[in-house]
> 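Mind looking over this structure? Questions follow.
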Amino acid sequence: MRTLNTFKTLFTIVILACLSCKNNSSENKTTQSNIKIVKRTTKEDFSRLFKETDSIATTNAHIWNKNIYGPILLIDHKTKTYYANTNPDSDSFTPGYKCFEGEFPKEIIVRGNTNINWKEKKWAVLELPLSNMPPLYAKLLNLHELSHIALGELGFPKHTVDISHLNKYHGRLLMRIEIELLKRFINSNQKDLSLIKDALSVRKIRHMEFPLYKDQENSLELNEGLAEFMALSIATDFYEQSYTSFYTMLIDNYINLDNYNRQFAYFSIPIYGNAINKIDALWHKKITPKTNLTNFFSEKLNLTSNNDIEYYISKYDLHKISDKEFKRAAQQQKITDTIIQNYKIQPHLFVPFFKQSFSAMPPEYSIENEGRYFGGVKLQDSWGTLDAHSGILISLDFKSCYLKAPKTITKDSIVGDGYVLRFKGDFEIVKESEIRYVLKKKE
């Protein structure tokens, strides 16, 4: 099973970075000064987190007609120590607050916050340490991962999505304007829905310009977006105390990303969803795996929109944003050209995937028709292991990757610029041309 947890790791990093950063605005100073930091480092702390999560999930089970509380693993990936809210070796899940400690298998790669199948159970996984994180944030992350498991049980599948259009100039610009309007909405009194309607109108312009990616965005929001909304709707104490500051924080960090990625779903559906709550508080119970969320929200809002993006740029005085994105697009094209040159045109190693699992590290760039570039990965496959820390280009379907040309090849390993690939005896390296090496299964 593929595990790609860069985005959830970044989600946590965003929280921690924003809590420690200095901000000159009086509003953010006030917000941060009101955030209580609680260090959770002991088994007693973890038991308390389990109890708090169980309590609020049970109390608010009526919201989704389901109690999402279940097995939870807190894993320290450096030591491989885990803390669980149930005995991993028991045949069933027994709710309780006892903290079980053990050593997580070194051969299983798990990074970031995710959910996994292990010992016949589906686990919500949080990465340790949880120190320097407000308790409400830790609980929301817990609920988010439990929500993924619940949504899977309700028939919502996970999909690999291609959202490389968000890194084209106009795709990024239209996303940038949409989330600017979402940010303004949650920092308003949130009673007037005109900002929400205009944000959704900008989204529909993007979908008209990039029709092949409409379903890709929707699949992502039915997965990450709906999981985040489910967690938020259950974590009522979080909503009351931290909703505006938290999602403003996520938006600000997304805006500054060099490469727009799937993180937008973490705030888009919570914000749209809470706005739609004002019209229909039970809307979430009408969503199915086949629902198009943009169309659904448009119908709820009785949306009539203007299809000219210049109308919204002028209406909200967004000319500076437009100019900045134009300059950025030229710089980004240079980065993309360099990646293609290094991993496809110049001598390179092509590696097929058969049954891979991996964790990826930033930076990340989506390159249309080519794949996704990551700063590094740790990967396992049926052929062996790969540890790359200075760049890798993975195909859009996650069935293969490209690395720079090998420097040293032995009977069971390849060493290249910033990577080591170790392969088993039934595989070999074949030089197909002057610029292409391939890892192949021996015939």
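Residues: numbered from 1 along the sequence shown.
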> The criterion is ring-ring contact (aromatic ring centres under 6.0 Å, His included); which residues satisfy it with F229, sequence neighbours excluded?
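With neighbours one apart ignored, the set is W283.
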> Under a 3.5 Å threshold, yes or no: a donor from one side chain and an acceptor from the other, between Q216 and H165?
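No donor-acceptor contact under 3.5 Å links the two side chains.
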> Per the salt bridge (Lys or Arg N to Asp or Glu O under 4.0 Å) rule, what does the pair list look like for residues 63-88, sequence neighbours excluded?
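Salt bridge (Lys or Arg N to Asp or Glu O under 4.0 Å) check on residues 63-88 returns K66-E153.
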> Output, in order, the C-alpha distance, side-chain angles, deciding distance and verdict of side chain to side chain donor-acceptor pair (under 3.5 Å) for D45 and T42.
CA-CA 5 Å; D45 295 332; T42 68; 3.1 Å; yes
> Hey, mind stepping through F264 and L220 against side-chain contact (heavy atoms from CB on, under 4.5 Å) and telling me if it holds?
CA-CA 9 Å; F264 74 86; L220 177 58; 3.6 Å; yes
> Taking the basic N atoms (NZ, or NE/NH1/NH2) and the acidic carboxylate oxygens, is any pair closer than 4.0 Å for E44 and R48?
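No.
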> Just jot down the salt bridge (Lys or Arg N to Asp or Glu O under 4.0 Å) partners of D417, sequence neighbours excluded, or say none.
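K404.
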> Less than 4.0 angstrom from a charged side-chain N to a carboxylate O is my criterion; do E221 and R203 meet it?
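Result for this pair is yes, salt bridge flagged.
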> Quick one about E228 and Y247 (side-chain donor to acceptor, distance below 3.5 Å, no hydrogens or angles considered), yes or no?
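The criterion, which ignores hydrogens and geometry beyond distance, is satisfied for E228 and Y247.
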> T291 side chain to L293 main-chain N or O, any donor-acceptor pair under 3.5 Å?
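Not a single qualifying donor-acceptor pair exists.
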> Under 4.0 Å between a side-chain nitrogen and a carboxylate oxygen: does that hold for K378 and D387?
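Yes, K378 and D387 are salt-bridged.
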> Kindly state each residue pair satisfying side-chain hydrogen bond (donor to acceptor under 3.5 Å, both in side chains) with at least one member in residues 229-239, sequence neighbours excluded.
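As it turns out, the side-chain hydrogen bond (donor to acceptor under 3.5 Å, both in side chains) pairs with a partner in residues 229-239, which skip direct neighbours, are W64-S233, K139-D237.
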> Indicate whether any N or O donor in one side chain lies under 3.5 Å from an N or O acceptor in the other, for N342 and H348.
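Checked: N342/H348 side chains show no N/O donor-acceptor pair below 3.5 Å.
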> Tell me whether K441 is salt-bridged to D426, with the criterion being a basic N under 4.0 Å from an acidic carboxylate O.
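The answer is yes: the pair qualifies as a salt bridge.
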> Return the set of residues passing side-chain contact (heavy atoms from CB on, under 4.5 Å) with Q332 (not counting sequence neighbours), or none when no residue passes.
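N259, R328, I335, Y365.
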> S55: what forms a side-chain contact (heavy atoms from CB on, under 4.5 Å) with it, not counting sequence neighbours?
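Partners of S55 by the side-chain contact (heavy atoms from CB on, under 4.5 Å) criterion, ordered by chain and then number, come out as T59.
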